[in-house]
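Any value given below was found using the heavy atoms of this structure, including those in side chains, with hydrogens, waters and symmetry copies removed. Below, chains carry the letters A, B, ... as their sequence lines are ordered, and counting in each starts from 1.
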2 protein chains.
Amino acid sequence: MLREERHQLILERLIQKGKVVATELSQQLQVSEDTIRRDLREMDAAGLLHRVHGGALPKAPAAVRYDDRQLHSIEAKEQLAEKAVSLVRDGQVIIMDGGTTTLRVAERLPRQLSATVVTNCPPIAVALASHPGIEVIMLGGHLFKNSLINIGAATVSALSNIRADLCFIGVYCIHPEIGLSVPFIEEMHVKRQMIASSSEVVAIATADKLGTSSSFIFSPANALSCLVTEPEVSAGTLAPYRELGITVMQ
Amino acid sequence: MLREERHQLILERLIQKGKVVATELSQQLQVSEDTIRRDLREMDAAGLLHRVHGGALPKAPAAVRYDDRQLHSIEAKEQLAEKAVSLVRDGQVIIMDGGTTTLRVAERLPRQLSATVVTNCPPIAVALASHPGIEVIMLGGHLFKNSLINIGAATVSALSNIRADLCFIGVYCIHPEIGLSVPFIEEMHVKRQMIASSSEVVAIATADKLGTSSSFIFSPANALSCLVTEPEVSAGTLAPYRELGITVMQ
DNA sequence: GTATAACACGCATAAACACGCAAATTCAAT
DNA sequence: ATTGAATTTGCGTGTTTATGCGTGTTATAC
């Protein structure tokens with residue numbers, strides 16, 4: 001990773017997220033914190049950002065502002081994404097379903113990671129276009145505007161030719177007995193095939209999704225290898241999932 | 001391996017990967033690091049790339065290049081898009097190629113229009129998701145990060161099942177005798193099939209594209225039904241296209 | 001106030017670099 | 001073909017740059 005490359009990346013992140021944290025950058029870019037701090041010092045001297053204790057902020061305050069409620073759920077999803085990313089290994093073929101949480105995972109994939117990502121979600125494809133080590137395979141189909149994912153027979157058919165190592169599945173509703181369900185039948189078919197096409201399946205679910213169900217069930221809960229959820233969730237709520245042999249990450 | 005040849009290769013790598021590393025180039029091109037460094041020094045002096053410690057980066061960073069191209073000659077492209085939009089009729093099936101100009105066309109499609117758009121360009125799909133009357137069919141494939149379009153056998157195969165009424169094709173290079181050409185072979189295959197799958201083909205080309213050519217030719221010029229270009233272009237320049245039976249819009 | 005994390009500084013080290021020179025290559029003209 | 005000039009390349013030399021670690025200091029939170 002080149003120094004200038006890092007600088008550009010930090011700037012990008014800064015614009016996108018509105019802030020950067022030194023320790024996070026250090027982990028994600030796989031360099032020491034000293035190096036990140038040096039970077040931030042230099043970029044501050046160059047007037048490119050405003051350095052603060054812990055990281056840096058944009059020179060001009062970020063254009064986008066979140067209201068408080070959104071902020072909480074955004075923070076939570078960032079944390080979930082952070083944990084989910086740790087499950088990825090170099091060289092894997094990874095299916096990524098659509099959704100805001102999986103998009104966050106895609107954005108956080110370490111920059112030196114070399115892997116293949118298969119996705120039916122155009123925003124994820126666009127986000128990964130700037131990642132040097134990731135080969136992106138886009139699954140075609142009807143664009144389902146509600147979730148910004150491609151669905152339909154073409155999507156399922158393309159998926160059926162793939163054997164992936166890992167699959168990040170977006171979750172609307174999850175229940176230990178009922179299983180995983182969605183409100184639209186076409187999504188059901190696609191997600192079902194995603195699970196069938198992958199060795200390991202990881203679901204990322206915020207606390208409010210746990211114990212809920214919807215009209216179309218695409219899989220029993222025990223098809224999951226791993227469930228990533230928020231730290232606040234009680235052990236009692238998670239016990240049924242653990243009993244099914246699912247690794248629960250909090 | 002000739003010097004110029006090496007320069008060419010380095011530039012291609014730079015565009016595709018977003019960066020080049022001196023030591024890697026040295027190994028891959030089987031020349032000493034000194035030679036690579038000399039190359040990079042020369043190319044930097046010629047303004048072809050941005051040299052940094054360890055290698056080189058594109059003049060504009062890869063992630064924002066797509067947006068930068070949009071900023072360049074923005075008014076001209078807006079005008080072209082405006083004209084191109086007038087060619088669309090209600091109820092049509094329209095193939096939209098990738099590229100900044102076609103993205104503009106997609107954004108300008110009238111809100112009450114009802115049609116089906118087939119595209120291999122994720123940003124176009126995302127842009128059209130908020131359009132109430134347009135059904136979007138996304139063509140899958142390998143994501144070609146440079147142009148943000150999907151390419152490869154899967155894309156061509158999916159296209160071959162489609163009969164569209166209209167096709168907006170992105171143009172790198174157009175020449176009345178040589179035809180339409182692109183710098184990458186995979187793009188050639190996809191664009192060729194797009195033309196084959198559509199009754200009418202519209203090319204949108206800014207003035208600087210006219211009379212140029214590149215390595216891979218995907219179609220003769222007379223495959224076009226219509227060429228949309230800038231008003232400033234002289235009648236003399238356009239005469240050869242008119243003689244081929246192409247409707248020229250300025 | 002105290003604990004913890006973030007920070008600054010100096011130093012060591014390895015990688016990347018510039019420069020000069022000689023060998024190799026290319027090209028043109030004989 | 002042969003010679004010679006110009007260019008290109010590889011290697012040895014010494015220099016600069018980037019990074020990580022140890023040490024001690026400052027800031028922030030409880």
Side-chain angles (χ1 to χ4, degrees), chain A residues 1-14 17-59 61-62 68 71-72 75-76 78-79 82-83 85-86 90 108 110-114 132-133 231-232, chain B residues 1-14 17-59 61-62:
Chain A
M1 155 135 292
L2 306 171
R3 186 171 144 274
E4 299 281 340
E5 197 185 357
R6 234 174 24 233
H7 284 200
Q8 289 183 1
L9 217 114
I10 291 172
L11 269 187
E12 259 179 53
R13 270 193 110 80
L14 203 53
K17 309 266 179 180
K19 72 165 181 179
V20 289
V21 178
T23 52
E24 286 179 12
L25 285 175
S26 162
Q27 288 181 359
Q28 282 155 22
L29 306 185
Q30 297 285 311
V31 291
S32 75
E33 294 188 21
D34 274 280
T35 302
I36 295 297
R37 272 191 268 276
R38 262 186 283 251
D39 288 337
L40 296 182
R41 224 178 300 166
E42 288 162 14
M43 294 170 76
D44 183 48
L48 296 170
L49 49 75
H50 175 52
R51 197 174 171 220
V52 296
H53 194 90
L57 296 170
K59 208 76 201 283
D68 291 352
L71 191 64
H72 167 68
E75 293 271 339
E78 290 283 349
Q79 287 174 5
E82 181 74 20
K83 277 172 212 131
V85 160
S86 69
D90 221 59
R108 295 183 87 96
R111 198 165 162 80
Q112 85 290 353
L113 178 75
S114 170
E232 292 79 17
Chain B
M1 157 135 296
L2 277 57
R3 189 170 141 275
E4 293 292 331
E5 202 178 344
R6 236 175 21 235
H7 284 201
Q8 189 93 12
L9 264 163
I10 292 174
L11 268 188
E12 267 182 43
R13 272 195 109 74
L14 200 54
K17 305 268 180 183
K19 72 162 178 178
V20 289
V21 177
T23 52
E24 288 178 9
L25 284 174
S26 160
Q27 290 181 354
Q28 282 153 14
L29 305 184
Q30 295 288 328
V31 290
S32 75
E33 294 188 20
D34 277 271
T35 303
I36 296 295
R37 271 191 267 276
R38 265 186 282 252
D39 288 337
L40 295 182
R41 224 178 300 168
E42 288 162 15
M43 294 169 77
D44 183 50
L48 295 170
L49 49 75
H50 174 52
R51 194 175 175 220
V52 298
H53 193 92
L57 297 170
K59 268 270 160 145

Does any part of the side chain of [Y], heavy atoms only, come nearer than 4.5 Å to the side chain of [X], both counted from C-beta?
X        : Y       : result
A:Pro132 : A:Met1  : no
A:Leu48  : A:Ile10 : no
B:His50  : A:Glu4  : yes
A:Leu113 : A:Asp90 : yes

Inset, instruction - With DNA chain C as reference, determine whether A:Leu40 or B:Thr23 sits nearer its 5' end, using the nearest nucleotide of each. - result: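 Taking each residue's closest nucleotide, the earlier one in sequence belongs to A:Leu40.
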Legend entry - Toward the 5' end of DNA chain C, by each residue's nearest nucleotide, A:Arg37 or B:Ala22: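 The 5'-side residue here is A:Arg37.
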Inset, instruction - Kindly write out the residues that satisfy side-chain contact (heavy atoms from CB on, under 4.5 Å) with A:Gln28, not counting sequence neighbours, or none if the list is empty. - result: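 Result, side-chain contact (heavy atoms from CB on, under 4.5 Å) vs A:Gln28: A:Arg13, A:Glu24, A:Glu82, A:Arg108.
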Legend entry - Which residues share a side-chain contact (heavy atoms from CB on, under 4.5 Å) with B:Gln8, sequence neighbours left out: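 For B:Gln8 the side-chain contact (heavy atoms from CB on, under 4.5 Å) partners, ignoring immediate neighbours, are B:Glu12.
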Scan the side chains in residues 35-44 of chain B for donor-acceptor partners under 3.5 Å anywhere in the protein, sequence neighbours excluded, and list what turns up.
| unit_1 | atom_1 | unit_2 | atom_2 | d |
| --- | --- | --- | --- | --- |
| B:Thr35 | OG1 | B:Ser32 | OG | 3.1 |
| B:Arg37 | NH2 | B:Glu33 | OE1 | 3.0 |
| B:Asp39 | OD1 | B:Arg6 | NH2 | 3.0 |
| B:Asp39 | OD1 | B:His7 | NE2 | 3.0 |
| B:Asp39 | OD2 | B:Arg6 | NE | 2.6 |
| B:Asp39 | OD2 | B:Arg6 | NH2 | 3.0 |
| B:Glu42 | OE1 | B:Arg3 | NE | 3.2 |
| B:Glu42 | OE1 | B:Arg3 | NH2 | 2.9 |
| B:Asp44 | OD1 | B:Arg51 | N | 3.4 |

Inset, instruction - Would you indicate what B:Val21 reaches in the nucleic acid, counting non-hydrogen atoms under 4.0 angstrom: base, sugar-phosphate, or nothing? - result: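 Since no nucleic acid heavy atom lies under 4.0 Å of B:Val21, the category is nothing.
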Legend entry - Interface limits on DNA chain C, where chain B has a heavy atom under 4.0 Å of a nucleotide atom: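 Going 5' to 3' along DNA chain C, contacts run C:dA16 to C:dC19.
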Can you check the [X] [atom1] to [N] [atom2] distance for me, whole Å?
X       : N      : atom1 : atom2 : result
B:Arg51 : D:dA18 : CZ    : P     : 12 Å
A:Glu5  : D:dA18 : CD    : P     : 14 Å
A:Leu29 : D:dA18 : CG    : P     : 17 Å

Legend entry - Any residue meeting side chain to side chain donor-acceptor pair (under 3.5 Å) with A:Glu5, in chain and number order, not counting sequence neighbours: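 For A:Glu5, the residues satisfying side chain to side chain donor-acceptor pair (under 3.5 Å) (neighbours in sequence not counted) are A:Arg111, B:Lys19.
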Inset, instruction - At under 4.0 Å between heavy atoms, which parts of nucleotides 19-30 of chain D does protein reach? Answer with one letter per nucleotide, 5' to 3': B base, S sugar-phosphate only, - none. - result: BBB-----SS--
Inset, instruction - Taking all non-hydrogen atoms of both residues into account, name the closest pair between B:Gly18 and B:Pro58 and its distance. - result: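 Where B:Gly18 meets B:Pro58 most closely, the heavy atoms are O-CD, 2.9 Å.
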Inset, instruction - Can you see which heavy atom on A:Leu49 is nearest to which on A:Ala56, and at what distance? - result: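 That closest heavy-atom pairing would be CD1-CB, 3.9 Å.
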Inset, instruction - Return the angle between end axes of the helix from C:dG1-D:dC30 to C:dT30-D:dA1, with five pairs used per end and rounding to 10°. - result: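 The two end axes of the helix from C:dG1-D:dC30 to C:dT30-D:dA1 meet at 50°.
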Legend entry - Nearest-0.5 Å distance, OG1 of residue A:Thr23 to CG of residue A:Leu25: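 A:Thr23 OG1 to A:Leu25 CG: 8.0 Å, rounded to 0.5 Å.
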